[in-house]
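These numbers were taken from a predicted model, which means no experiment stands behind them.
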Amino acid sequence: MSEWVYEVIRQGGYMGIMLLMALENIIPPIPSELIMGLGGIAVARGDMQFWPLLGWGTLGATLGNYVLFLIADRLGYERLRPVIERWGRWLTLEWHDVEKAGHFLRRHGHWVVFLMRFMPMFRTVISIPAGLAHMSHMRFLLFTAAGAAIWNVLLILGGQWLGHTLSQAEQWLGYATLAVAAITVVFYVWRVVNWKRRPR
């Protein structure tokens, strides 16, 4: 898969990177580690340039997160509550958790949004409670973009290193991405299996 994605990235250019990064945050088809990592390999091979790749990739990540933020901001807590009550086990949370997160985000939300950009399992999900807490749109965009930019720099540099070091860099990056995805799935299944509703 990684070889195919590399060709899509190379052919689609920076606009393709932006689109993939936006979709990764809305309907995660391909993780950003693979997208920007392959972009870094493309930089190492002279198919792309570092700064345009960073700029378009960060723009895509920010826009994708902003879509989720807007949906949650318009939806509001009360419309979300029946969903949480019904599907809490599969979402592995309760309404109490949502209220607690909302209270915390109203006080420290911008820093949470920034720090979560470095956590593969949570960086997209954080946009939803941020929207439900009605965080300032400008603050959300600024801290999301800042966190995404730093994360993307690390991914691009890692991809560059792979591109200079390994002849089959795409394949190795693909294996690493699959490993991260597998760990994420195992963690989710563990959460579902061990989830218990809090006594009322």
Peer 1: Under the side-chain hydrogen bond (donor to acceptor under 3.5 Å, both in side chains) test, which residues partner Tyr14, sequence neighbours left out?
Peer 2: none

Peer 1: What pairs with Ile150 under side chain to side chain contact (heavy atoms under 4.5 Å, CB included), at least two apart in sequence or on another chain?
Peer 2: Phe114, Phe118

Peer 1: What distance separates Met36 CE from Leu157 CG, expressed to the nearest 0.5 Å?
Peer 2: 10.5 Å

Peer 1: Considering only distance and modelled atom types, tabulate donor-acceptor pairs under 3.5 Å from the side chains of residues 139-149, sequence neighbours left out.
Peer 2:
| residue | atom | partner | partner atom | Å |
| --- | --- | --- | --- | --- |
| Thr144 | OG1 | Phe140 | O | 2.7 |

Peer 1: Can you list the residues that meet the side chain to side chain contact (heavy atoms under 4.5 Å, CB included) rule with Ala22, with sequence neighbours excluded?
Peer 2: none

Peer 1: Which residues satisfy the side chain to side chain contact (heavy atoms under 4.5 Å, CB included) test with Val189, sequence neighbours excluded?
Peer 2: Val185, Val193

Peer 1: Determine the sole option in Leu23, Leu155, Leu20 for which the side-chain contact (heavy atoms from CB on, under 4.5 Å) test with Ile35 is passed.
Peer 2: Leu20

Peer 1: Please list, chain by chain and in numerical order, all residues satisfying side-chain hydrogen bond (donor to acceptor under 3.5 Å, both in side chains) with His110, sequence neighbours excluded.
Peer 2: none

Peer 1: Show me the donor-acceptor pairs, under 3.5 Å and distance only, between side chains in residues 50-61 and residues at least two apart or in other chains.
Peer 2:
| residue | atom | partner | partner atom | Å |
| --- | --- | --- | --- | --- |
| Thr58 | OG1 | Leu54 | O | 2.8 |
| Thr58 | OG1 | Asn152 | ND2 | 3.2 |

Peer 1: I need the Asp73 CG to Leu70 CG distance, nearest 0.5 Å.
Peer 2: 6.5 Å

Peer 1: Using the test side-chain hydrogen bond (donor to acceptor under 3.5 Å, both in side chains), find all partners of Thr62 that sit at least two apart in sequence or belong to another chain.
Peer 2: none

Peer 1: How long is the straight-line distance from CZ of Arg74 back to NE2 of His134, given to the nearest 0.5 Å?
Peer 2: 9.5 Å

Peer 1: Where do Trp151 and Arg117 come nearest, in terms of heavy atoms and distance?
Peer 2: CG-O, 3.7 Å

Peer 1: His164: what forms a side-chain hydrogen bond (donor to acceptor under 3.5 Å, both in side chains) with it, not counting sequence neighbours?
Peer 2: none

Peer 1: Ala130 and Val113: which non-hydrogen atoms are nearest, and at how many Å?
Peer 2: CB-CG2, 4.1 Å

Peer 1: When rounded to the nearest 0.5 angstrom, what distance separates CG in Leu19 from CD1 in Ile9?
Peer 2: 11.5 Å

Peer 1: Would you indicate whether the side-chain heavy atoms of Ile126 and Met119 approach each other to under 4.5 Å?
Peer 2: no

Peer 1: Taking all atoms of both residues into account, what is the closest heavy-atom pair of Leu68 and Ser127, and its distance?
Peer 2: CB-CB, 3.9 Å

Peer 1: Would you please name every residue forming a side chain to side chain contact (heavy atoms under 4.5 Å, CB included) with Leu75, sequence neighbours left out?
Peer 2: Arg79, Leu80

Peer 1: Would you compute the distance between atom CE of Met21 and atom CE of Met18 and round it to the nearest 0.5 angstrom?
Peer 2: 11.5 Å

